[in-house]
Colleague: 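Take a look at this one; I'll ask things after.
Letters A, B, ... mirror the listed sequences (proteins, then strands); counts begin at 1. Basis for what follows: all heavy atoms, side chains included, without hydrogens, waters or symmetry-related copies.
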Amino acid sequence: MLNGQYFYNQTMKKAVAVFGTIFNNIKIVRQGGSMERVPLAYGPKSKFLSRINSDRNEAVNRSIAIKLPRMAFEITSISYDTTAKLNRMNKRFFPIDGNNTKKNTVMQSVPYKLGIQLNILATNQDDALQIFEQILPSFTPEYTIAIKNMEGPDTSTDVPIVLTSVSFSDEYEGSFETRRTLIYTLDFEMRVRFAGTTSEGKIIRIVDTYYYSKLLDTDDSPTIKTSNPVGEENVRVAAVDDNSPFDADITTTFGFDYGLP
Amino acid sequence: MSPRNVYFSHGTTAEKRLYEDLIIESLRIYGHDVYYIPRKIVNTNAIFNEDALSEFGDAFMIEAYVENIDGFAGDGDLLSKFGVEVRDQMNLIISDRRWQDLIGRFQTDDEAALRPKEGDLIFFPTANGLFEITFVEDETPFYQLQNLPTFKLTCELFEYNNQAIDTGVDAIDKFETEFATRTKLTLGAGSGTYNIGEDVTQGLGDKSPQTVITAEVTTDSDSPADGSGYVIVSSITTSFDSPERSTTQFSITSGSVGNLVGAESGASYAITAIDGFTTIDDKDSDAQNVDFETIGNNFIDFTESNPFGEINITT
């Protein structure tokens, strides 16, 4: 099915890594205290690895509940972005090193909206708000970041990350035995593009065109002329430099050569 | 005249003392030795009604009976989006009189309010757990002899928030050195060897009084006397304590910016580089800040600028 060719562009992995990189250096400061960077993680993870890794420091195993404040994000939705659809016949061409007669082709990528939720967990309102305020002003409501190689080799795709909603929950009421939970939630929409496989194709070096000129008579009625006034009804598009199209590559300048042999 | 039966005692002083003695003896037989760690609130946030900065500077050993016989209560170990959380809870019974004798008399609070406080910590050595007291029940058992001889402490594992913990008990102080946010300082010219756990300071600027940055040397430091090493410090504080918050940090030694000096060892070295970024993941198995930086930078076209800082700036 489909074209049967294996490919994996790691688009989602790139999106997660890029999203994480944006928020991985946020800091908080307490009055009289030190500046601290806020730990960040991608939420979903392998359970057994998490358990093993949490035990690796035997000296402090099971010793505290969790270190706060911290942030985590996860992908919450994926949906087709109909507003960003482009002509599906568009193609991108990329040269092949050492081969002047062939090129790589990638078909038009398809746009998707990736819903990503960022959560901030803190014990103190003030800690959470320091993180919160460092994020909000940069999203108006979008922040656009350029991602390399998302739509094929040597491409740079502008990916808007849109802050769509903000909410928080502060569960402080209830008995003293229950823990206060303070979480700020920021929902983002990342506009990514999924590109298909790269296919190899030959470069078109000669185009022969035979056509009729369709000219209008003086009374504007359409009439097919059987002969072109300037005798240019047959056109060859070929390499200009040496007129030897078989030496052409994708960098060659092409021109018109009227009158086919 | 009291309507109760006058031929029965409802708690004489001697009976109350006997009752308390029996409780204390039981606690000392069946209880565990735990450390009671009072919280000292350094700064409070008057708007949000929170402790902006707390520290823990004392630890008092006391016997406590663990009420949970089948293991810890609470949700146990669970995986959330924030990583592995351990939501263990337990109830401890301690004697009122013993608490007053061993701990209360060292507290500076109003005497009438002297009791274990919510927010104080309990270190439970048997399980190597640092617990926070969430509630103190002081009316159980309920006036059986017209008195309240015990406290029931509801505790749950502590959510560590970069507090300074300097009790003098190594098993407790390690929580700070293991979990506090770390900064790696690369050393240049100097002499001496820093001691693990000692305070190190650096003076900044010409102004009087000079701003002094203080931090604690963690166990992963390597500072040989030839100055080729580094120290990893935690719990950085500054003497420039302004309500607007100071962001003053360690600086590279130059001009009026002094050496890093050990308070106990007297070791003194110039600071040649500061890295507060790659140390985030050191003791936090769930943090991926450095992984995102490493992998994400392969994909990001940084001809655009990062809103939260420029690429590869890690100080």
Side-chain angles (χ1 to χ4, degrees), chain A residues 14 17-18 20-26 29-37 39-45 47 50-51 53-54 56-57 59-70 72 74 119 121 123-127 134 138 143-150 156 175-179, chain B residues 42-43 45 48 50 52-53 77 79 81-87 118 127-130 134-135 154 156-162 174-175 178-179 181 235-238 241 243 245-247 249 276-277 280 283-289 292-293 295-297 299-301 303-304 306-309:
Chain A
K14 288 174 186 172
V18 167
T21 306
I22 294 175
F23 300 105
N24 74 344
N25 200 13
I26 290 178
V29 177
R30 297 190 179 91
Q31 185 188 339
S34 58
M35 180 187 290
E36 302 153 15
R37 281 177 172 77
L40 172 71
Y42 179 62
K45 45 185 63 98
K47 281 193 170 181
S50 299
R51 187 75 183 94
N53 289 337
S54 71
R56 70 182 176 187
N57 189 350
V60 290
N61 180 22
R62 294 181 65 84
S63 50
I64 63 169
I66 192 171
K67 185 187 171 190
L68 296 178
R70 62 193 310 122
E74 61 184 332
N119 292 279
L121 177 64
T123 48
N124 291 344
Q125 186 80 259
D126 197 57
D127 292 353
Q134 288 175 66
S138 294
Y143 171 71
T144 302
I145 196 160
I147 299 181
K148 292 187 282 190
N149 303 334
M150 179 175 266
S156 180
S175 70
F176 283 97
E177 285 89 347
T178 55
R179 186 184 299 265
Chain B
V42 181
N43 281 318
N45 185 327
F48 290 128
E50 300 168 335
L53 191 66
D77 298 16
L79 182 65
K81 61 170 72 78
F82 298 103
V84 176
E85 298 181 39
V86 187
R87 298 298 184 187
E118 290 79 1
N128 195 33
L130 190 64
T134 57
F135 184 61
T154 304
E156 64 181 7
L157 274 178
F158 183 45
E159 289 181 337
Y160 183 66
N161 202 8
N162 276 299
K174 76 171 189 293
F175 288 98
E178 292 293 330
F179 291 115
T181 300
S235 304
I236 303 171
T237 56
T238 172
D241 182 13
R245 295 191 175 84
S246 165
T247 56
Q249 295 285 289
F277 182 75
I280 295 178
K283 297 290 180 182
D284 191 336
S285 61
D286 291 313
Q288 294 176 269
N289 299 52
F292 289 137
E293 184 80 9
I295 298 171
N297 285 345
F299 304 132
I300 297 176
D301 185 353
T303 51
E304 300 281 347
N306 186 339
F308 305 116

Colleague: Who pairs with A65(A) by side chain to side chain contact (heavy atoms under 4.5 Å, CB included), at least two apart in sequence or on another chain?
Modeller: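 With neighbours one apart ignored, the set is R179(A), R87(B), L157(B), E159(B).
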Colleague: Less than 4.0 angstrom from a charged side-chain N to a carboxylate O is my criterion; do K67(A) and D286(B) meet it?
Modeller: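 Result for this pair is no, no salt bridge flagged.
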Colleague: With respect to chain B, which residue among A72(A), S175(A), P69(A) yields the maximal number of heavy-atom pairs within a distance under 4.5 Å?
Modeller: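 Top option by heavy-atom pairs under 4.5 Å: A72(A).
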Colleague: Using a cut-off of 6.0 Å, state whether more than 12 heavy atoms not belonging to F176(A) lie near its atom CZ.
Modeller: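 No, because the 6.0 Å sphere around CZ of F176(A) holds 12 heavy atoms or fewer from other groups.
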Colleague: Under 4.5 Å heavy-atom distance to chain B, tell me which part of E74(A) shows up: side chain, backbone, both or neither.
Modeller: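 When you check distances to chain B, only side chain atoms of E74(A) fall under 4.5 Å.
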Colleague: Using non-hydrogen atoms only, which part of N149(A) is less than 4.5 Å away from chain B: side chain, backbone, both, or neither?
Modeller: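 No part of it gets close to chain B.
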Colleague: Tell me, for F48(B) versus chain A, whether the close heavy atoms (under 4.5 Å) come from the side chain, the backbone, both or neither.
Modeller: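 Just its side chain gets close to chain A.
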Colleague: What residues, two or more places apart in sequence or in another chain, satisfy side chain to side chain contact (heavy atoms under 4.5 Å, CB included) together with S50(A)?
Modeller: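 By the side chain to side chain contact (heavy atoms under 4.5 Å, CB included) rule, S50(A) matches K45(A), L79(B), V84(B).
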